[in-house]
S.K.: 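Before anything else, here's the structure in question.
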2 protein chains.
Amino acid sequence: MGKRKENSTNLLNESYIMESCDLTYAICKIGGRWKLLILCKLENGTLRFSELRNQINGITERMLTLQLRELEKDGLVKRTVYAEVPPRVDYELTEIAKELVPIWAKLSKWGAKHKILVSEF
Amino acid sequence: MGKRKENSTNLLNESYIMESCDLTYAICKIGGRWKLLILCKLENGTLRFSELRNQINGITERMLTLQLRELEKDGLVKRTVYAEVPPRVDYELTEIAKELVPIWAKLSKWGAKHKILVSEF
DNA sequence: CCCATTACTTACAAATTTGTTAGTATCATA
DNA sequence: TATGATACTAACAAATTTGTAAGTAATGGG
(Lines give C-alpha, C1' and ligand atoms only; values in the text may rest on other atoms or scores of the structure.)
Protein backbone atom coordinates (compact mmCIF):
# COMPACT_ATOMS: atom_id res chain seq x y z
CA MET A 1 0.00 0.00 0.00
CA GLY A 2 2.91 2.15 0.65
CA LYS A 3 5.74 0.73 -1.39
CA ARG A 4 7.36 -2.27 0.18
CA LYS A 5 11.02 -2.68 0.77
CA GLU A 6 12.67 -4.95 -1.73
CA ASN A 7 14.61 -7.87 -0.35
CA SER A 8 13.29 -7.71 3.16
CA THR A 9 12.99 -11.10 4.79
CA ASN A 10 9.37 -10.30 5.20
CA LEU A 11 8.83 -9.88 1.48
CA LEU A 12 10.87 -12.94 0.61
CA ASN A 13 8.90 -15.06 3.03
CA GLU A 14 5.67 -13.78 1.60
CA SER A 15 6.78 -14.59 -1.92
CA TYR A 16 7.84 -18.06 -0.90
CA ILE A 17 4.54 -18.72 0.77
CA MET A 18 2.48 -17.46 -2.13
CA GLU A 19 4.49 -19.59 -4.51
CA SER A 20 4.27 -22.73 -2.49
CA CYS A 21 0.65 -22.55 -1.45
CA ASP A 22 -2.13 -21.68 -3.86
CA LEU A 23 -4.47 -21.33 -0.97
CA THR A 24 -2.35 -18.71 0.70
CA TYR A 25 -2.05 -17.00 -2.63
CA ALA A 26 -5.80 -16.91 -3.02
CA ILE A 27 -6.41 -15.59 0.41
CA CYS A 28 -3.73 -12.95 0.18
CA LYS A 29 -5.60 -11.49 -2.75
CA ILE A 30 -8.60 -10.81 -0.60
CA GLY A 31 -6.81 -10.28 2.69
CA GLY A 32 -6.80 -6.50 3.04
CA ARG A 33 -8.77 -5.03 5.89
CA TRP A 34 -11.72 -3.85 3.82
CA LYS A 35 -11.47 -5.93 0.70
CA LEU A 36 -14.08 -8.53 1.44
CA LEU A 37 -16.57 -6.00 2.58
CA ILE A 38 -16.07 -4.17 -0.68
CA LEU A 39 -16.37 -7.32 -2.72
CA CYS A 40 -19.53 -8.33 -0.90
CA LYS A 41 -21.12 -4.99 -1.62
CA LEU A 42 -20.32 -5.48 -5.27
CA GLU A 43 -21.90 -8.92 -5.39
CA ASN A 44 -25.24 -7.41 -6.29
CA GLY A 45 -23.92 -5.28 -9.10
CA THR A 46 -22.05 -2.15 -10.00
CA LEU A 47 -21.52 0.62 -7.47
CA ARG A 48 -19.79 3.93 -7.68
CA PHE A 49 -17.12 5.16 -5.35
CA SER A 50 -19.39 7.22 -3.18
CA GLU A 51 -21.92 4.43 -2.88
CA LEU A 52 -19.26 2.11 -1.59
CA ARG A 53 -18.05 4.77 0.80
CA ASN A 54 -21.53 5.28 2.16
CA GLN A 55 -22.30 1.60 2.50
CA ILE A 56 -19.14 0.76 4.38
CA ASN A 57 -19.22 2.18 7.85
CA GLY A 58 -15.90 3.56 9.01
CA ILE A 59 -13.87 3.32 5.85
CA THR A 60 -11.97 6.41 4.79
CA GLU A 61 -11.66 7.55 1.21
CA ARG A 62 -7.99 6.79 1.35
CA MET A 63 -8.53 3.23 2.44
CA LEU A 64 -11.31 2.69 -0.03
CA THR A 65 -9.08 3.94 -2.81
CA LEU A 66 -6.13 1.82 -1.77
CA GLN A 67 -8.14 -1.35 -1.45
CA LEU A 68 -9.95 -0.79 -4.72
CA ARG A 69 -6.66 -0.18 -6.48
CA GLU A 70 -5.27 -3.46 -5.27
CA LEU A 71 -8.41 -5.33 -6.15
CA GLU A 72 -8.20 -3.82 -9.59
CA LYS A 73 -4.54 -4.68 -10.00
CA ASP A 74 -5.30 -8.22 -8.93
CA GLY A 75 -8.06 -8.52 -11.46
CA LEU A 76 -10.94 -8.83 -9.03
CA VAL A 77 -12.63 -5.55 -9.72
CA LYS A 78 -13.20 -3.60 -12.89
CA ARG A 79 -13.04 0.17 -12.77
CA THR A 80 -14.88 2.33 -15.26
CA VAL A 81 -14.34 6.06 -15.44
CA TYR A 82 -16.87 8.31 -17.10
CA ALA A 83 -15.72 11.61 -18.55
CA GLU A 84 -18.16 13.67 -16.53
CA VAL A 85 -17.96 16.45 -14.05
CA PRO A 86 -18.25 15.88 -11.19
CA PRO A 87 -16.38 12.66 -11.83
CA ARG A 88 -18.11 9.34 -11.86
CA VAL A 89 -16.38 6.03 -11.42
CA ASP A 90 -18.03 2.64 -11.36
CA TYR A 91 -16.76 -0.54 -9.82
CA GLU A 92 -17.89 -4.07 -10.50
CA LEU A 93 -16.71 -7.62 -9.98
CA THR A 94 -14.74 -9.30 -12.74
CA GLU A 95 -15.54 -12.78 -14.01
CA ILE A 96 -12.71 -14.15 -11.94
CA ALA A 97 -14.12 -12.59 -8.83
CA LYS A 98 -17.58 -13.91 -9.61
CA GLU A 99 -16.18 -17.41 -9.69
CA LEU A 100 -15.38 -16.93 -6.05
CA VAL A 101 -18.87 -16.03 -4.99
CA PRO A 102 -20.13 -19.55 -4.30
CA ILE A 103 -16.96 -20.31 -2.39
CA TRP A 104 -17.40 -17.18 -0.32
CA ALA A 105 -20.90 -18.21 0.44
CA LYS A 106 -19.68 -21.44 2.02
CA LEU A 107 -16.90 -19.75 3.87
CA SER A 108 -19.29 -17.17 5.13
CA LYS A 109 -21.60 -19.85 6.41
CA TRP A 110 -18.71 -21.51 8.15
CA GLY A 111 -17.75 -18.15 9.63
CA ALA A 112 -21.20 -17.59 11.03
CA LYS A 113 -21.30 -21.01 12.62
CA HIS A 114 -17.80 -20.77 13.96
CA LYS A 115 -18.43 -17.35 15.42
CA ILE A 116 -21.15 -18.80 17.59
CA LEU A 117 -19.24 -21.89 18.59
CA VAL A 118 -16.19 -19.98 19.68
CA SER A 119 -18.01 -17.24 21.52
CA GLU A 120 -19.94 -19.85 23.47
CA PHE A 121 -17.10 -21.62 25.20
CA MET B 1 0.48 -11.13 18.41
CA GLY B 2 1.96 -8.53 20.57
CA LYS B 3 -0.89 -7.16 22.62
CA ARG B 4 -3.05 -4.73 20.75
CA LYS B 5 -3.97 -1.31 21.89
CA GLU B 6 -7.50 -1.11 23.20
CA ASN B 7 -9.75 1.50 21.63
CA SER B 8 -7.58 2.22 18.66
CA THR B 9 -9.56 3.09 15.57
CA ASN B 10 -7.82 0.19 13.97
CA LEU B 11 -9.18 -2.28 16.49
CA LEU B 12 -12.65 -0.80 16.44
CA ASN B 13 -12.77 -0.99 12.68
CA GLU B 14 -11.64 -4.57 12.77
CA SER B 15 -14.30 -5.47 15.29
CA TYR B 16 -16.96 -3.78 13.26
CA ILE B 17 -15.93 -5.59 10.12
CA MET B 18 -15.81 -8.98 11.80
CA GLU B 19 -19.23 -8.42 13.27
CA SER B 20 -20.83 -7.26 10.09
CA CYS B 21 -19.31 -9.74 7.68
CA ASP B 22 -19.09 -13.43 8.43
CA LEU B 23 -16.83 -13.85 5.48
CA THR B 24 -14.32 -11.37 6.78
CA TYR B 25 -14.59 -13.06 10.12
CA ALA B 26 -13.82 -16.42 8.61
CA ILE B 27 -10.87 -15.20 6.65
CA CYS B 28 -9.43 -13.26 9.55
CA LYS B 29 -9.18 -16.52 11.44
CA ILE B 30 -6.84 -17.92 8.87
CA GLY B 31 -5.20 -14.72 7.77
CA GLY B 32 -1.88 -14.79 9.57
CA ARG B 33 1.23 -15.02 7.47
CA TRP B 34 1.91 -18.70 8.08
CA LYS B 35 -1.43 -20.01 9.21
CA LEU B 36 -2.65 -21.60 6.04
CA LEU B 37 0.65 -23.26 5.39
CA ILE B 38 0.45 -24.74 8.87
CA LEU B 39 -3.14 -25.84 8.42
CA CYS B 40 -2.32 -27.45 5.09
CA LYS B 41 0.51 -29.42 6.62
CA LEU B 42 -1.88 -30.68 9.26
CA GLU B 43 -4.45 -31.80 6.72
CA ASN B 44 -2.83 -35.20 6.52
CA GLY B 45 -2.75 -35.76 10.24
CA THR B 46 -1.00 -34.91 13.46
CA LEU B 47 2.42 -33.33 13.48
CA ARG B 48 4.67 -32.25 16.26
CA PHE B 49 6.20 -28.83 16.63
CA SER B 50 9.54 -29.76 15.16
CA GLU B 51 7.95 -31.50 12.21
CA LEU B 52 6.02 -28.39 11.35
CA ARG B 53 9.12 -26.29 11.74
CA ASN B 54 11.04 -28.53 9.39
CA GLN B 55 8.33 -28.71 6.80
CA ILE B 56 7.81 -24.98 6.56
CA ASN B 57 10.70 -23.29 4.91
CA GLY B 58 11.68 -20.01 6.49
CA ILE B 59 9.43 -19.99 9.51
CA THR B 60 11.05 -19.21 12.84
CA GLU B 61 10.16 -20.93 16.05
CA ARG B 62 8.73 -17.69 17.35
CA MET B 63 6.40 -17.29 14.41
CA LEU B 64 5.40 -20.92 14.47
CA THR B 65 4.55 -20.63 18.13
CA LEU B 66 2.57 -17.43 17.70
CA GLN B 67 0.55 -18.70 14.81
CA LEU B 68 -0.16 -22.02 16.46
CA ARG B 69 -1.29 -20.25 19.59
CA GLU B 70 -3.78 -18.19 17.68
CA LEU B 71 -5.04 -21.15 15.73
CA GLU B 72 -5.51 -22.96 19.00
CA LYS B 73 -7.29 -20.03 20.61
CA ASP B 74 -9.56 -19.81 17.59
CA GLY B 75 -10.41 -23.46 17.82
CA LEU B 76 -8.78 -24.54 14.59
CA VAL B 77 -5.97 -26.59 16.00
CA LYS B 78 -5.76 -28.93 18.96
CA ARG B 79 -2.59 -29.01 20.99
CA THR B 80 -1.58 -32.06 22.96
CA VAL B 81 1.33 -31.98 25.38
CA TYR B 82 3.01 -35.17 26.51
CA ALA B 83 4.77 -35.22 29.84
CA GLU B 84 8.06 -36.33 28.41
CA VAL B 85 11.56 -35.01 28.35
CA PRO B 86 12.56 -33.67 25.94
CA PRO B 87 9.10 -32.23 25.52
CA ARG B 88 6.74 -33.47 22.88
CA VAL B 89 3.77 -31.55 21.61
CA ASP B 90 1.36 -32.65 18.93
CA TYR B 91 -0.84 -30.50 16.77
CA GLU B 92 -3.87 -31.55 14.78
CA LEU B 93 -6.88 -30.00 13.07
CA THR B 94 -10.10 -29.72 15.03
CA GLU B 95 -13.43 -30.81 13.62
CA ILE B 96 -14.27 -27.22 12.84
CA ALA B 97 -11.08 -26.83 10.86
CA LYS B 98 -11.73 -30.07 9.00
CA GLU B 99 -15.04 -28.67 7.82
CA LEU B 100 -13.04 -26.07 6.00
CA VAL B 101 -10.93 -28.51 4.05
CA PRO B 102 -13.26 -28.90 1.06
CA ILE B 103 -13.70 -25.16 0.90
CA TRP B 104 -9.97 -24.65 0.95
CA ALA B 105 -9.63 -27.10 -1.84
CA LYS B 106 -11.85 -25.00 -4.07
CA LEU B 107 -10.19 -21.77 -3.07
CA SER B 108 -6.85 -23.31 -3.70
CA LYS B 109 -7.91 -24.37 -7.17
CA TRP B 110 -9.14 -20.87 -7.84
CA GLY B 111 -5.82 -19.53 -6.58
CA ALA B 112 -3.86 -21.73 -8.91
CA LYS B 113 -5.91 -20.69 -11.88
CA HIS B 114 -5.89 -17.05 -10.96
CA LYS B 115 -2.16 -17.06 -10.42
CA ILE B 116 -1.65 -18.05 -14.01
CA LEU B 117 -4.21 -15.65 -15.43
CA VAL B 118 -2.80 -12.66 -13.67
CA SER B 119 0.84 -13.37 -14.34
CA GLU B 120 0.06 -13.68 -18.04
CA PHE B 121 -1.33 -10.24 -18.71
C1' DC C 1 28.62 -33.19 36.28
C1' DC C 2 28.01 -31.84 31.37
C1' DC C 3 25.65 -32.10 27.20
C1' DA C 4 22.02 -32.68 23.90
C1' DT C 5 17.22 -32.40 22.76
C1' DT C 6 12.65 -30.15 22.33
C1' DA C 7 9.36 -26.71 22.57
C1' DC C 8 9.12 -22.94 23.66
C1' DT C 9 10.03 -17.29 25.76
C1' DT C 10 11.83 -12.73 25.95
C1' DA C 11 13.44 -8.28 24.50
C1' DC C 12 14.14 -5.70 20.82
C1' DA C 13 14.09 -3.93 15.97
C1' DA C 14 12.38 -3.58 11.32
C1' DA C 15 8.71 -3.77 8.03
C1' DT C 16 4.14 -3.13 6.83
C1' DT C 17 -0.54 -1.69 7.21
C1' DT C 18 -3.89 1.47 8.65
C1' DG C 19 -5.61 5.98 10.01
C1' DT C 20 -5.64 11.46 10.12
C1' DT C 21 -5.85 15.61 8.01
C1' DA C 22 -5.70 18.54 4.45
C1' DG C 23 -5.57 19.23 0.01
C1' DT C 24 -6.59 18.84 -5.73
C1' DA C 25 -9.03 19.05 -10.41
C1' DT C 26 -13.03 19.93 -13.18
C1' DC C 27 -17.08 22.31 -14.70
C1' DA C 28 -22.08 23.26 -14.31
C1' DT C 29 -24.82 26.21 -11.71
C1' DA C 30 -26.17 30.12 -8.74
C1' DT D 1 -16.90 34.82 -9.77
C1' DA D 2 -17.81 31.75 -5.86
C1' DT D 3 -19.76 27.22 -4.75
C1' DG D 4 -20.58 22.46 -4.72
C1' DA D 5 -20.10 17.79 -6.02
C1' DT D 6 -17.10 13.68 -6.81
C1' DA D 7 -13.22 10.86 -6.72
C1' DC D 8 -9.46 10.99 -5.61
C1' DT D 9 -3.87 12.18 -3.74
C1' DA D 10 -0.17 13.52 -0.47
C1' DA D 11 2.33 13.89 3.78
C1' DC D 12 2.59 12.26 7.98
C1' DA D 13 1.66 9.50 12.28
C1' DA D 14 0.11 5.54 14.81
C1' DA D 15 -0.78 0.71 15.22
C1' DT D 16 0.25 -3.82 14.16
C1' DT D 17 2.74 -7.66 12.37
C1' DT D 18 6.89 -9.93 11.43
C1' DG D 19 11.73 -10.98 12.09
C1' DT D 20 16.42 -11.42 15.00
C1' DA D 21 19.04 -13.04 18.44
C1' DA D 22 19.58 -15.04 22.57
C1' DG D 23 17.85 -17.37 26.21
C1' DT D 24 15.06 -21.29 29.41
C1' DA D 25 13.46 -25.79 31.68
C1' DA D 26 13.65 -30.59 32.33
C1' DT D 27 15.87 -34.98 32.11
C1' DG D 28 18.20 -39.06 30.15
C1' DG D 29 22.72 -40.55 28.69
C1' DG D 30 27.82 -40.38 28.71
Side-chain angles (χ1 to χ4, degrees), chain A residues 1-18 24 28 30-38 46-72 77 79-91, chain B residues 1-18 24 28 30-38 46-72 77 79-91:
Chain A
M1 312 225 152
K3 323 239 143 99
R4 299 184 66 177
K5 200 170 180 188
E6 291 176 40
N7 292 327
S8 64
T9 304
N10 189 304
L11 185 58
L12 293 180
N13 275 342
E14 184 176 285
S15 306
Y16 156 70
I17 293 169
M18 303 255 276
T24 300
C28 280
I30 50 182
R33 163 80 105 230
W34 306 91
K35 282 187 189 169
L36 284 169
L37 221 44
I38 295 172
T46 299
L47 290 176
R48 50 192 299 190
F49 187 85
S50 55
E51 292 173 316
L52 282 169
R53 184 199 345 109
N54 295 334
Q55 288 185 30
I56 299 176
N57 199 323
I59 198 168
T60 61
E61 300 198 327
R62 170 181 149 77
M63 273 301 127
L64 183 52
T65 303
L66 284 174
Q67 305 271 292
L68 283 170
R69 286 291 188 286
E70 288 200 353
L71 288 169
E72 193 193 356
V77 153
R79 180 167 177 263
T80 310
V81 183
Y82 298 88
E84 298 175 10
V85 169
R88 173 198 173 121
V89 182
D90 276 358
Y91 293 93
Chain B
M1 312 227 149
K3 322 238 142 106
R4 299 183 67 177
K5 202 171 179 187
E6 292 175 39
N7 293 327
S8 64
T9 304
N10 188 302
L11 185 58
L12 294 179
N13 275 342
E14 184 176 284
S15 306
Y16 157 71
I17 293 169
M18 304 254 277
T24 300
C28 279
I30 50 181
R33 163 80 104 231
W34 305 92
K35 282 186 189 171
L36 284 169
L37 221 44
I38 294 173
T46 299
L47 290 176
R48 52 192 300 191
F49 187 85
S50 55
E51 291 172 317
L52 282 169
R53 181 191 358 102
N54 296 334
Q55 287 185 31
I56 299 176
N57 200 322
I59 198 170
T60 61
E61 299 198 329
R62 171 181 148 76
M63 274 301 126
L64 183 52
T65 302
L66 284 174
Q67 303 272 293
L68 282 169
R69 284 293 187 285
E70 288 201 353
L71 288 169
E72 192 193 356
V77 152
R79 179 167 178 264
T80 309
V81 184
Y82 297 90
E84 297 176 7
V85 169
R88 172 198 174 121
V89 182
D90 275 359
Y91 292 93

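In what follows, chains are A, B, ... by sequence order, proteins preceding strands, each numbered from 1. Keep in mind that what you see is a predicted model, and the values were worked out from it rather than measured. No hydrogens, no waters, no symmetry mates; every other heavy atom, side chains included, goes into these values.
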S.K.: Determine the contact category for Thr65(B): base if any of its heavy atoms lies under 4.0 Å from a base atom, sugar-phosphate if only primed atoms, P, OP1 or OP2 are that close, otherwise nothing.
M.R.: base
S.K.: Separation of Met63(B) atom CE from dA21(D) atom C1', in whole Å?
M.R.: 14 Å
S.K.: Nearest of dA26(D), dT18(C), dT26(C) to any side-chain atom of Val85(B)?
M.R.: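 That would be dA26(D).
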S.K.: Calculate the interatomic distance between Leu11(B) atom CG and dA15(D) atom P; express it in whole Å.
M.R.: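 To the nearest whole Å, that distance equals 11 Å.
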S.K.: With hydrogens left out and only the distance checked, is there a donor-acceptor pair under 3.5 Å joining Arg62(A)'s side chain and the base of dT20(C)?
M.R.: yes
S.K.: Examine dT6(D): is either OP1 or OP2 under 4.0 Å from a nitrogen or oxygen in the side chain of Arg48(A)? Give yes or no.
M.R.: no
S.K.: CG of Leu66(B) versus P of dT18(D): gap in Å, rounded?
M.R.: 9 Å
S.K.: Given 3.5 Å as the limit, does a donor-acceptor pair link the side chain of Glu51(B) with the main chain of Arg48(B), or not?
M.R.: yes
S.K.: Counting only side-chain heavy atoms from C-beta out, which of dA5(D), dT17(D), dG19(D) sits nearest to Arg4(B)?
M.R.: dT17(D)
S.K.: What's the spacing between Leu36(A) CG and Met18(B) CE if we round to 0.5 Å?
M.R.: 12.0 Å
S.K.: More 5' along DNA chain C: Gly58(A) or Glu6(A), using each one's nearest nucleotide?
M.R.: Glu6(A)
S.K.: Specify the residue among Asn13(A) and Ser50(A) whose closest nucleotide of DNA chain D lies further upstream toward the 5′ end.
M.R.: Ser50(A)
S.K.: At under 4.0 Å, does any side-chain N or O of Gln67(A) touch on OP1 or OP2 of dT17(C)?
M.R.: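 No, outside the criterion.
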S.K.: Tell me the interatomic distance from Ile17(A), atom CD1, to dT18(D), atom C1', rounded to whole angstroms.
M.R.: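 So the two atoms are 10 Å apart, to the nearest Å.
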S.K.: If you look at every heavy atom in Leu64(B) and Arg53(B), which pair is closest and at what distance?
M.R.: CD2-N, 3.6 Å
S.K.: With Gln67(A) as reference, evaluate Ile56(A), Ile38(A), Leu52(A), Leu37(A) under the side chain to side chain contact (heavy atoms under 4.5 Å, CB included) test and give the passing residue.
M.R.: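 When side chain to side chain contact (heavy atoms under 4.5 Å, CB included) is applied between Gln67(A) and each of Ile56(A), Ile38(A), Leu52(A), Leu37(A), only Ile38(A) qualifies.
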S.K.: Does a side-chain N or O from Thr9(A) land closer than 4.0 Å to OP1 or OP2 of dT20(D), or not?
M.R.: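 Yes, because at least one side-chain N or O of Thr9(A) sits under 4.0 Å from OP1 or OP2 of dT20(D).
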S.K.: Look at the side chain of Arg33(A) and decide which nucleotide, out of dG19(C), dA15(C), dT9(C), has an atom nearest to it.
M.R.: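 Comparing dG19(C), dA15(C), dT9(C) against the side chain of Arg33(A), the answer is dG19(C).
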S.K.: Please report the distance, rounded to the nearest Å, between CG in Leu52(A) and C1' in dT6(D).
M.R.: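 Leu52(A) atom CG is separated from dT6(D) atom C1' by 14 Å.
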S.K.: I need the CG-P distance between Leu12(A) and dT20(D), as an integer number of Å.
M.R.: 10 Å
S.K.: Which atoms form the tightest heavy-atom contact between Trp34(B) and Asn57(B), and what is the distance?
M.R.: CZ3-O, 3.7 Å
S.K.: CD1/Ile17(B) to CD1/Ile59(A) distance, rounded to the nearest 0.5 angstrom?
M.R.: 7.5 Å
S.K.: Has Ser8(B) got a side-chain N or O lying under 4.0 Å from the OP1 or OP2 atom of dT16(D)?
M.R.: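 Yes, such a contact exists.
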S.K.: Looking at dC8(C), I'd like to know if its phosphate oxygens (OP1 or OP2) sit under 4.0 Å from a side-chain N or O belonging to Tyr91(B).
M.R.: yes
S.K.: With nearest nucleotide decided by heavy atoms, which residue, Arg53(B) or Pro86(A), maps closer to the 5′ end of DNA chain C?
M.R.: Arg53(B)
S.K.: Whole angstrom is fine here: how far is it from CG in Leu64(B) over to P in dT20(D)?
M.R.: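 After rounding, the reported distance stands at 15 Å.
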S.K.: In terms of side-chain heavy atoms of Asn10(B), which of dT16(D), dA15(C), dA7(C) is nearest?
M.R.: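 Output: dT16(D).
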S.K.: Rounded to whole angstroms, how far apart are CZ on Phe49(A) and C1' on dA5(D)?
M.R.: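 One finds 13 Å between C1' of dA5(D) and CZ of Phe49(A), rounded.
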S.K.: So, is Arg69(A) near the phosphate of dT9(D), with a side-chain N or O under 4.0 Å from OP1 or OP2?
M.R.: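 Yes.
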